[in-house]
Structure formats: C-alpha cells, structure tokens
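What you see is a predicted model, and the numbers here were worked out from it, not measured in a lab. Below, chain A is the first sequence line, B the second, and so on; all start at residue 1.
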2 protein chains.
Amino acid sequence: MRADAERSRRRILDAARDVFLERGLDAPLDLIVRRAGVGPATLYRRYADREALVRDLTGDLLSRLEAAAHQAAREEGDAYAAVRRFVHAAADLRMGAVIPVLLEGLVVDQKLIESRTRTSGALDDLIHAAHESGRLRPEVGAGDLILLSIRLSRPLPGGLSRLDADGTLLHRHLDLALDGLTTQAAPAPAPAPGEPLTFADLVAAADRPNATD
Amino acid sequence: MRADAERSRRRILDAARDVFLERGLDAPLDLIVRRAGVGPATLYRRYADREALVRDLTGDLLSRLEAAAHQAAREEGDAYAAVRRFVHAAADLRMGAVIPVLLEGLVVDQKLIESRTRTSGALDDLIHAAHESGRLRPEVGAGDLILLSIRLSRPLPGGLSRLDADGTLLHRHLDLALDGLTTQAAPAPAPAPGEPLTFADLVAAADRPNATD
DNA sequence: TCGAAGCGGAGAAATTTCCTCCGCCTACGG
DNA sequence: CCGTAGGCGGAGGAAATTTCTCCGCTTCGA
C-alpha cells in the first residue's frame, strides 16, 4: 500500500472514531471526510459503504485493545493494577465508538469475533485475579468496567468538550471512580445495588431485536 | 392553559430531553416530534424556534434541580449523604441534556441565571459541608460531581441503551463511582491527578468562543 | 523520469429536515 | 348538553443536507 494511501486511511479512521463517538454510528460520512481533511472520493474509494468503514475501524481498535489487555497482564504485577490499567487503556482507545458493533450480531467477520473472544477472555482473567486478590469489589463484573470506561470516555456535550481536549480529566475521573470519592477513613460503603454485570450481559442486551424509534 | 395543551407540552419536553441527550442540542426537531407522538404543528405552534424550546426545557429541568438541591440539604442529616443524593438527583433529571445551555453565555433569561446561581450556591454549600465532615475527598470539586453525573447519565450507545431502560444501572454505577471499586481493606488510594474542578471551571470552559468544526 | 495509483473538488441525485396550511377534534364555560 | 375557541395532526412544498461519482491534477516509488 502506498504511503499516502496509508496516511489517508489513518486520518479517516481517526476522524471516524471521533465522529462516531459524538454522533453515533449513523453519522454522516461527510462529517468524517471534513474532519479528516480529505476529499469525499478518498473515503468512498477505499470503503464500498459505511459498513466497510465501520468494520475496518472496529478491527483497528479491537486489535489495539487486545494488545493492551495482554500488556496489562504481562507488565503489572498486582492484579488490581492490571484491571486498572486495562480500563484506562480502553478509555484511551475510545472503545465506545465501536462497542455497539462488537456486541451486536452484525459482526460477521471471523477475525473480529476471534479477537473479541480473546480480548474478553483476557479481561475475565484479569478480573478473576483481581477478585481473588481481594482488592476488587466482588459485585463488580467485566460489564461494569467496560461500561464505566465507555461512559467516562465519551466526549462531553457542547463547549464542555474543550475542558478535556487532552484526556487529563478523563483519567482523573476514572481514577476517582476506581478509588471512590470518599476518603479512606470512611465506613464501609453500602454494597452497590444489583448483580455484577458480565460481558455476556452486554452482548445479550445488544443482541435483542431493535425497536427502531 | 388548556389541559390537552399542557399535556402536549409535557410530552414534547420529555421527548426533547431524550433526543437532545442522544443527538445534541441541534438534533432535528422532527425527531422530537416523532418521539413525543405529536404532530409537527404542535411543536411549532408553541415554540417560535429551537431556542424557545431549549429555554423552556432548561428552565423546567433547572427548577427541578434547584428543588432537589434544597431537599437534599434539608432532609439528609449527613453532609456526604446530601452530596450523594444531589448527584443522584441530577443524574435522574438528566441535566446533561441542557448543561451546555446553562454554562454558555447564551442564557439571557434573568430567571434562569438567578436559578442557576441559587442552585450552584446550594451545591457549593453541600460540598463545603461534606469536605468539613472529612467524608468527601478534598480534591473533588463541584465540577467533578456535575461531570460525573452528566457522564454516567447519558444514554449508552446503540443497543446498549436497552440495558438500562429504567436507570437501575445508572444508579448502580453512580454508587460504585461514589464509593469506589476497591474493597474497604484496600490501601489508601493514590490522590487523583489534577486540581479540584469547580463550577466556575465549567463555565469558563463553555464560554470560550466556539471553534466550529 | 515515467507510469500507476491516489488525491480533491465540483456537482447531480437522493434523502432529510423545516415549517405551514387547513380541516377535524376536544376541552370547558355557560 | 351544547357552542365555540383553542388545540390537534397530517399532508406536503421548500430548503438544506447528505450521498456518491466523474475527471483532471498530483504524488509515490521503481
């Protein structure tokens, strides 16, 4: 692949991620093109349709997340620290942009499914170890962590997005959520309501037939 | 005002809040109309333009938030519990839908400004008391709490939104963030990076001139 | 240096969004 | 219970946005 083509691809994927985050997966491709600073033809030449673009982006992000999961397991001695690191990495990647794709049945691509399986397996291992270590609250599951990372990494509405242009605030708030807002001296927190949310719960929710409205 | 007119207003405001949350303040009014289950004329008859609708919605939500702030201060003995309750209330109201309006200079309506001032004052009091009580981490400011409530109360992307149709999950995650994901036995958390975020910080960020792109 | 591959802009076609007109319906005072 | 003022929804034309292609120019890489 020619160098300039690869450069365009990168710019388009980066722009697509941001636009999908802000406007959802059905955002106008025009916006992506404009944000990427390329001509419309450059996008349409590479991607036959929206789905092709979404799939390429999903693969790109997922493979990076998979790498992050393994790296966290490998490089962090403490099990809870590894979970923490994974959550921060998922937020940095802005997995929220493509989470619906990863969870919904739409994914036909075999490569994607395998990567997803490996990644969620790695995450389960991290969490299991953290539970064993006694550091991670038992009522917290993989789904809770993923949702936390998605919710905190979505761009803020309106002018507020400027508040966190570089992501400092995102990591600050992730840290606060991971550790809690209360001081150490506080009495034991009441157990959070509900059951631990698993990865499978997310998939199940996303898979139910869509009521379009 | 006739009973059916008031009923329509309510339906439109509720729908507008949801649509603005999902698509931002420049979402097509058509969507609101459809979600509200009313005819387009019903919206346009009442509101001369988008701004009028946004203003009415903002006033509606803000006055309810103000009531919640006072109620929290009045009914909760413990200072930290009051903060907690306020954050949950703000999330329930989905203040994120109109936060940009409240923070940006666009608000000309004197009533709105006064209500905003009263509410942020009440919140500051809650937080100050919670800091005094030693329960709330000192590096947490009003802005942090508002952002937390906004971020956790925005709808999840795609099919995931079905996961939390009734808001149970929202409050679960709010609780987790407030108390932290670690167990009581954990060592003292590292201080969160950065300075406490104040309400004024939010306003300042939102007020800077918009770079439209 | 040359050919193949990639690029962006102009713009036609399709779709979405905005907004009004108008005939029917409903709330509510008498 | 009835009259009517006020409210309602749907149809649909105008305007704006979005999609997607053609084509002449530029850039990469052998």
Side-chain angles (χ1 to χ4, degrees), chain A residues 1-58 60 97-98 100-101 106 157-158 210-213, chain B residues 1-58 60 97-98 100-101 106 157-158 210-213:
Chain A
M1 182 178 244
R2 252 173 64 168
D4 54 350
E6 178 58 34
R7 201 159 46 234
S8 290
R9 171 171 175 268
R10 195 67 265 150
R11 299 179 109 202
I12 288 174
L13 288 184
D14 289 347
R17 188 192 65 172
D18 293 347
V19 169
F20 286 152
L21 267 180
E22 280 171 25
R23 306 270 313 243
L25 284 172
D26 51 1
L29 299 182
D30 228 27
L31 277 188
I32 296 175
V33 157
R34 238 175 300 157
R35 173 138 0 168
V38 302
T42 301
L43 189 154
Y44 288 105
R45 196 176 318 110
R46 185 175 313 281
Y47 301 110
D49 51 18
R50 175 185 302 271
E51 202 193 309
L53 167 62
V54 168
R55 193 161 36 226
D56 194 19
L57 175 62
T58 306
D60 181 57
V98 298
V101 186
L106 310 175
N210 285 18
T212 325
D213 234 48
Chain B
M1 184 180 245
R2 250 172 66 166
D4 53 352
E6 178 58 34
R7 200 160 47 234
S8 291
R9 170 170 175 269
R10 195 65 268 148
R11 298 179 109 203
I12 288 174
L13 287 184
D14 289 348
R17 188 192 65 171
D18 293 347
V19 169
F20 286 152
L21 267 180
E22 279 170 26
R23 306 270 314 241
L25 284 172
D26 50 2
L29 299 181
D30 235 27
L31 277 188
I32 296 175
V33 157
R34 239 175 299 156
R35 172 138 1 167
V38 302
T42 301
L43 189 155
Y44 288 105
R45 197 178 316 110
R46 186 176 312 283
Y47 300 110
D49 50 19
R50 175 186 302 271
E51 201 193 307
L53 167 61
V54 169
R55 195 161 35 226
D56 194 20
L57 175 62
T58 306
D60 181 58
V98 296
V101 186
L106 310 175
N210 285 21
T212 325
D213 234 50

Less than 4.5 Å apart, side chain to side chain, heavy atoms only: is that true for B:Leu53 and B:Phe20?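 Result yes, sub-4.5 Å side-chain heavy-atom pair found.
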Between A:Val54 and A:Glu51, is there a side-chain heavy-atom distance shorter than 4.5 Å?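 Sidechains of A:Val54 and A:Glu51: no contact.
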I need the [atom1]-[atom2] distance between [X] and [N], as an integer number of Å.
X	N	atom1	atom2	result
B:Asp30	C:dT20	CG	P	14 Å
B:Arg45	D:dG9	CZ	P	8 Å
A:Asp26	C:dT15	CG	P	16 Å

Closest nucleotide among D:dG7, C:dG9, C:dC18 to the A:Ala41 side chain: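 Of the candidates, C:dG9 comes closest.
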Of all the choices, C:dC28, D:dC22, D:dT18, which nucleotide is nearest to the side chain of A:Arg34 once you look at every atom?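 Closest of the options to the side chain of A:Arg34: D:dT18.
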By the 4.0 Å heavy-atom rule, please label B:Ala3 as base, sugar-phosphate, or nothing.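 Answer is sugar-phosphate: B:Ala3 comes under 4.0 Å of backbone atoms only.
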Looking at every strand, decide which applies to B:Ala5 at a 4.0 Å heavy-atom threshold: base, sugar-phosphate, or nothing.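 Contact class for B:Ala5: sugar-phosphate only.
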Answer yes or no: side-chain N or O of B:Arg2 and base N or O of D:dG6 forming a donor-acceptor pair under 3.5 Å.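 Checked by distance alone, the answer is yes.
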Search all heavy atoms of B:Pro28 against all heavy atoms of B:Arg23 and return the closest pair with its distance.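 Of all heavy-atom pairs spanning B:Pro28 and B:Arg23, the closest is CD-NH2, 4.0 Å.
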A:Arg10 side, atom CZ; A:Ile12 side, atom CD1 - distance, nearest 0.5 Å: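 Rounded to the nearest 0.5 Å, the CZ-CD1 separation comes out at 11.0 Å.
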First encountered from the 5' end of DNA chain D, between A:Leu29 and B:Arg7: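 Looking at DNA chain D, the more 5' nearest nucleotide goes with B:Arg7.
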